[in-house]
Each structure stands twice: as structure tokens, then as C-alpha cells.
Amino acid sequence: MKKAQITKKLMSIGMAAAIGLVAAGCGSFGTSTTGTGEQAGTGAKEYKIGICNYVDDASLNQIVDNIQSELSAIAEKEGVTFNIKYDNCNADANVLNQIVANFQADNVDLMIGVATPVAMAMQGATNGKDTPVVFSAVSDPISTGLVASMDAPGANVTGTSDMLNTEAIMNMILAADPDISKVGLLYDAGQDASTTAIKDAREFLEAHNIEVVEQTGTNVEEVTLAANALVSAGVEAIFTPTDNTIMTAELSIYEIFREAGIPHYCGADSFALNGAFLGFGVNYADLGKETADMAADILLNAKDPGSVAVKTFDNGIVTLNEEMMEALGMDMESAEKAFGAYASSIQTIKTAESFE
């Protein structure tokens, strides 16, 4: 990926965050998309949608950006108005609960929750009520209790999942270093998105007689201590699933791993943007668009969310950090040889700090 492309991506992320700040400062809905070019209240059928993001990161902001742009396109096509309020709880449970309560006070027609904690808060607040909830980027909607099954979610909740193919990442670690003997698992034990992936990774590594060292953290300071502990333990590679706590801390820890020569394999491209060696997972732009399509279908066609199957996506995008590749002595030829069997495409990216 060229520098201009990355710069454009960062600008898009910044725009999404700016929209969130404007919306958060409003007492009522501040973003409207209409199919007629008119303001809300001029005759077009109007629907109120509350969107809440869990935290600012490249992947989640990309989802929000594409939800909003897709809803705008649908509004234009269908001649309706989606009156949207966007907010971000910044991983604060108290703020999250207040945002959801505000959506309820505004009598929204539908809520969209980006990431597992937001979806669970919305589910709890709307339990036994008619307000549809569409989630996005929930890694394991069944184990968290959000849905009864992927095909028939039940109740008032459905959405899109970024469920991770953990085995593929484990195989990439082995492909890059067939003689590897010790792997670190770095995650936040309180993140539901990490539970299944960490369990799967542990079982895979133990089955291959590879020693597992686990470290956890709930904030940047704790994650930094955990990263140093993994280095001291002599791990040869580190795995983190789609864990928002570790992603947020990545800019503070990637240099620790770079200096130690340890590759960090992660469950989303945002990790690579923040300095990790490799991010692997779904296309978050597509995930955002599909989330918007599901929300619009429920509103415009009176669909029962409990009967709308959860949408999953093929994992297959490998994002490599150019600076970390160089530090590890890897080039594109060796990367394609090691990882080509597990991804339909390989792209490179620079650390976000490189553009500051």
C-alpha cells in the first residue's frame, strides 16, 4: 500500500472521529442523510438511528465511516431520511450506558453497536423491548450470549461478525518459523472478543508442543508491563486476537517488540497500522457496509432482527508493517512465500506515527 493510500486512510479515520465529536456534543440527532437533498422533517420518511463506537481505532472507525456512507447512499436511493446520532464511549462503561440511555430517551428506531461491549450494553438495555439492535465487529456473538445461533439470532438482535480464523494465524507463525518453541499470548482477559481466540491459540500451540506464555493487561501501562514480561520470558512470537485494549496500546509497545526482534501477529489491520508486524482478518470497510445494509433492511422492510442471520466474512487480508518487516529481516518475497497460503492478498502499511 502506497504512502498516499495510507494517508488517505488516516484522513478518513480522522473524519469519522470528528463526526463522532460533533455528534457527542449535541443534545439531539446531529447527522441526517436524506434521499431528496432536503433536511429532516420536510416530508421524507424519517428513521432515527443511534450509533455507538467502543473506542477510536483504525478498524472500528473504518466500520463507522462505512456505515454512515452506506446509509447515506441507501437514503438517496430509497428517498428516505436516516437521522443519525453517532457517539463514542472511549471504552468507558459508565459513558457507554449513558449513551445507550440517551438513545432510548430519543426514541431511536434502531441502535447500531460497534464492538462487543457496546452490543452487549445495547442488548441489555433493550431486553424485552421492540428496539432493534444491529451489532458490528462482534467476534463471538454466541459465546457472549448476544444471539442464540448465527442463523436464527432470536430476540431483537443481529449483526455482523469479525470472527477470527485463529488457526490460520497459528499456521502463519509456523510457516515463518518452523522451529519455533515458545509463543506469547498477549490480551485483555476482560475482553470477550479475545476469549475464544486465545483458547483456540493455546490448544493449537500445545498440540504442536510449543510452550505458551500468557500475559494480560487492561490499560496501556499494564499492557506495556506485559509486553516487557513476554520479552524477558524469551518468546519468539506473540499473538493477540481482535482485542481493542491491546490495539489501543500497540503504539506504546511495538518498539519493545521491534528492539527485541519479536514479531507480533494480530487479528486486525489496525494493529499493523499501529506498529505490529502483522494484522490478519476481515475487510472492515465491507463489514461496515453490510452492517448498514442490515440496519436499513430491518427499518425499511420491517424485518424481524431475530430472524436475520448474523453475517460472517472470509478472513483473508494480511497486512504487514513495512518497518517491522525490515527490522525482522523480511522482504515481500519471503513474506509471500511464508503467508501466501493463508491469505488471498498481502498488503503493506507504515506505522501511523510515521506520518506525524
Side-chain angles (χ1 to χ4, degrees), residues 8-9 11-54 59-88 99-100 102-115 118-119 122 126 130-138 156-160 283-311 313:
K8 181 177 180 182
K9 181 176 181 179
M11 290 175 64
S12 175
I13 293 167
M15 289 174 65
I19 291 171
L21 290 173
V22 172
C26 298
S28 60
F29 286 66
T31 304
S32 296
T33 59
T34 176
T36 62
E38 304 173 29
Q39 296 297 316
T42 58
K45 178 66 175 177
E46 179 181 336
Y47 301 92
K48 290 183 178 181
I49 300 176
I51 303 174
C52 182
N53 193 359
Y54 181 61
S59 297
L60 300 188
N61 287 346
Q62 187 178 19
I63 291 170
V64 171
D65 193 26
N66 281 275
I67 288 173
Q68 293 182 328
S69 62
E70 181 72 359
L71 286 174
S72 179
I74 294 170
E76 182 69 27
K77 178 181 178 181
E78 301 294 337
V80 299
T81 295
F82 293 126
N83 198 351
I84 298 169
K85 182 173 183 179
Y86 167 70
D87 220 330
N88 188 320
I99 290 170
V100 175
N102 290 342
F103 289 164
Q104 290 180 301
D106 285 323
N107 294 315
V108 297
D109 297 297
L110 181 143
M111 296 186 196
I112 297 177
V114 181
V118 182
M122 289 180 172
T126 61
D130 295 330
T131 306
V133 173
V134 177
F135 58 75
S136 188
V138 171
N156 62 316
V157 180
T158 189
T160 59
N283 184 314
Y284 282 96
D286 290 345
L287 188 144
K289 291 177 182 178
E290 184 65 30
T291 303
D293 289 343
M294 294 177 77
D297 191 30
I298 289 169
L299 289 174
L300 301 182
N301 298 311
K303 289 286 186 68
D304 173 16
S307 63
V308 176
V310 175
K311 175 72 174 180
F313 297 77

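Just the heavy atoms: all of them, side chains too, but no hydrogens, waters or symmetry mates, feed the values below.
Within 6.0 Å of CG on Asn301 lie more than 12 heavy atoms contributed by other residues, nucleotides or ligands.
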* To do: Could you check Glu70 against Glu290 for side chain to side chain contact (heavy atoms under 4.5 Å, CB included), going step by step and ending with a plain yes or no?
  => CA-CA 9 Å; Glu70 181 72 359; Glu290 184 65 30; over 6 Å; no

* Where do Thr160 and Ile63 land on the side chain to side chain contact (heavy atoms under 4.5 Å, CB included) test, with the steps shown first? -> CA-CA 11 Å; Thr160 59; Ile63 291 170; over 6 Å; no

* Asked: Could you go step by step and tell me if Ile74 and Phe82 meet the side chain to side chain contact (heavy atoms under 4.5 Å, CB included) rule?
  -> CA-CA 9 Å; Ile74 294 170; Phe82 293 126; 4.0 Å; yes

* Steps toward side chain to side chain contact (heavy atoms under 4.5 Å, CB included) verdict (Asn61, Asn53) -> CA-CA 8 Å; Asn61 287 346; Asn53 193 359; 3.1 Å; yes

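Here the side chain of Asn66 pairs a donor or acceptor atom with the backbone of Gln62 at under 3.5 angstrom. With hydrogens and angles ignored, the 3.5 Å screen pairs a side-chain donor or acceptor of Thr291 with a backbone N or O of Leu287.
If you take CD on Glu78 and CG on Leu71, they are separated by 12.0 Å, rounding to the nearest 0.5 Å. Summarising the geometry, atom CE belonging to Met294 is positioned 9.5 Å from atom NZ belonging to Lys303; distances are rounded to the nearest 0.5 Å. Rounding to the nearest 0.5 Å gives a distance of 7.5 Å between CG of Asn102 and CG of Asp87. Here the CG-NZ distance, from Asp293 to Lys311, works out to 10.0 Å after rounding to the nearest 0.5 Å.
Between Lys48 and Asn107, the shortest heavy-atom distance links the atoms CD-O, 4.1 Å. Between Ile112 and Met122 the shortest heavy-atom distance is O-CE, 3.3 Å. Nearest heavy-atom pair, Ala119 versus Val138, reported as atom, atom and distance to 0.1 Å: CB-CG2, 4.0 Å. Across all non-hydrogen atoms, the minimal contact from Cys52 to Val118 is O-CG1, 3.6 Å.
Annotation: side chain of Val134 is not in contact with side chain of Val308 (no heavy-atom distance under 4.5 Å). Between Leu110 and Tyr47, every side-chain heavy-atom pair lies at or beyond the 4.5 Å cut-off. Side-chain atoms of Asn88 and Leu60, non-hydrogen and from C-beta on, never get closer than 4.5 Å to each other. The shortest side-chain heavy-atom distance between Ile49 and Leu299 falls under the 4.5 Å cut-off.
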